[in-house]
There are 2 protein chains.
Amino acid sequence: MFSKATEYALRATIFIAQKGTEDNKIGIGEISKAIDSPPSFTAKILQALRKNNKIIRSVSGPNGGFYMTEKTRKLPVRAILEAMGENEMLDKCVLGLAKCSETKPCPMHSKYKIIKEQLIELFETKTIQHLADDTKNGDVFINNKSK
Amino acid sequence: MFSKATEYALRATIFIAQKGTEDNKIGIGEISKAIDSPPSFTAKILQALRKNNKIIRSVSGPNGGFYMTEKTRKLPVRAILEAMGENEMLDKCVLGLAKCSETKPCPMHSKYKIIKEQLIELFETKTIQHLADDTKNGDVFINNKSK
DNA sequence: ATAATTAAGGATAAATTTGTCCTGAATTAT
DNA sequence: ATAATTCAGGACAAATTTATCCTTAATTAT
Ligand code: FES
Ligand code: FES
């Protein structure tokens, strides 16, 4: 559904939302270990999240790392998708037409539209905080570790 | 949602279903023009559809080209996805976990599951014939041409 | 048989995505 | 100030996807 980059962005943000505060910042090493992702690549992605939408913050130096504010924790998942340039995904035609639209629909459109609306609704109502809380509660996961 | 290859596969198959019969085969030139796709690349994809699932047939030589039987026209869209190796897509986790499953779900899973089921239902109930018929009726499109 | 036409198949190229590595800048502790 | 730590940024490399081209094989018409 999304690119690897976006998948890492989602998982990393959830982890930071879970553990990273202004006085408990998390290093890229810990993050990439926790979400099971390549460290350097993940670092790049976090830079994008910081710059594009300021979803996360960071400071260099000892005890430096990444964290989030209460405000950005309340952002919907869609904010991450926007920062990662995946907005297009939600406007993509199943058959690959230039745009998924009512004006020039493909033969899948009428049925797909209904599903697409639910996807958008999901990404706009679920907040980063929700996902972090669910993960904290321990019944869901953000990595592939066996234990 | 799908790769370019799969998008072309879907559009090409719809077009062949619309126009290609055993005594009116369609050449790759006409197909790629009709669906607005790179001819050589499309040819590769049609080979895959022919080999993997026998969704389409072809013959070389003058008046050769591609066509479909009544039987394969009645196949669901999912058959094309299978032939293109996109089965994985319908089993992919939104957050990129190894597998989208009940046993090790991500925090998006409980809500996404419901949407995914609708997607699968759509791909399993819509047949190639349906899509071809809709396109014939003229209110939907399988290319980006302005007219 | 020969020539013409069209798909099949393989090699290769271009573009994009994914991933690594190294140097520099910021911050902190000593 | 100096050294240690950690992010920032850029260059580069690997892998994958997308796309082209050329030769061969199959089929048809003459
Ligand atoms: S136009 Fe194709 S899915 Fe909407
Ligand atoms: S496990 Fe992530 S979407 Fe199902």
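Bear in mind the structure is a predicted one, so any value in this text is a computation, not a measurement. Proteins come first, then strands; the chains are lettered A, B, ... in the order of their sequence lines, and each starts at number 1.
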Under 4.0 angstrom between B/Ser58 side-chain N/O and C/dA8 OP1 or OP2: yes

A/Tyr8 side-chain N/O to C/dG19 phosphate OP1/OP2 under 4.0 Å: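 Answer is yes, contact under 4.0 Å.
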
Partner set under salt bridge (charged side-chain N to carboxylate O under 4.0 Å, His left out) for A/Lys19, not counting sequence neighbours: none

Sugar-phosphate, base or nothing in reach of B/Gly29, heavy atoms under 4.0 Å: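 Touches nothing.
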
Sugar-phosphate only, base, or nothing, as touched by A/Ile26 at under 4.0 Å among non-hydrogen atoms: sugar-phosphate

Atom pair distance, as rounded to whole Å: [atom1] in [X] and [atom2] in [N]:
X	N	atom1	atom2	result
A/Lys33	D/dT6	NZ	P	12 Å
A/Lys54	D/dA8	NZ	C1'	16 Å
A/Glu86	C/dT16	CD	P	16 Å
A/Ile31	D/dT6	CD1	P	12 Å
B/Glu30	C/dT5	CD	P	17 Å
A/Met84	C/dT17	CE	P	11 Å
B/Phe41	C/dA8	CZ	P	16 Å
A/Arg57	C/dA26	CZ	P	19 Å

5' precedence on DNA chain C between B/Gly27 and A/Phe2 (nearest-nucleotide basis): B/Gly27

Between A/Thr42 and A/Ser37: side-chain donor-acceptor atoms closer than 3.5 Å: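 On atom types as modelled, these side chains qualify, holding a pair under 3.5 Å.
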
Point-to-point distance, once rounded to the nearest 0.5 Å, from CZ of B/Arg73 to CE of B/Met68: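 One gets 6.0 Å once the value is rounded to the nearest 0.5 Å.
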
B/Phe41-B/Leu49 co-clustered via ILVMFWY side chain contacts under 4.5 Å: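 Yes: a chain of side-chain contacts under 4.5 Å links B/Phe41 to B/Leu49.
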
Whether B/Arg11 side chain and B/Ile142 backbone form a donor-acceptor pair below 3.5 Å: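 Yes, B/Arg11 side chain to B/Ile142 backbone: donor-acceptor pair under 3.5 Å.
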
Out of D/dA19, C/dG19, C/dA8, whichever nucleotide has its closest atom nearest the side chain of B/Lys4: D/dA19

A/Lys51 side-chain proximity, nearest of D/dG9, D/dT18, D/dC7: D/dG9

Letter per nucleotide, 5' to 3', of nucleotides 23-30 of chain D [B base touched, S only sugar-phosphate touched, - untouched; heavy atoms, 4.0 Å]: ---BBBS-

Residue pair [X] / [Y], side-chain heavy-atom distance below 4.5 Å:
X	Y	value
A/Ile26	A/Tyr67	no
B/Phe123	B/Glu86	no
B/Phe2	B/Leu81	yes

Residue from B/Gln129, B/His130, B/Glu124 passing side-chain hydrogen bond (donor to acceptor under 3.5 Å, both in side chains) with B/Thr127: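 Exactly one pass, corresponding to B/His130.
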
B/Lys111/A/Asp134 salt bridge by N-O under 4.0 Å criterion: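 A salt bridge is absent here (no side-chain N lies under 4.0 Å from a carboxylate O).
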
Positions of residues 43-50 of chain B (non-hydrogen atom under 4.0 Å from DNA chain D), listed by number: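 DNA chain D contact set from residues 43-50 of chain B: B/Lys44.
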
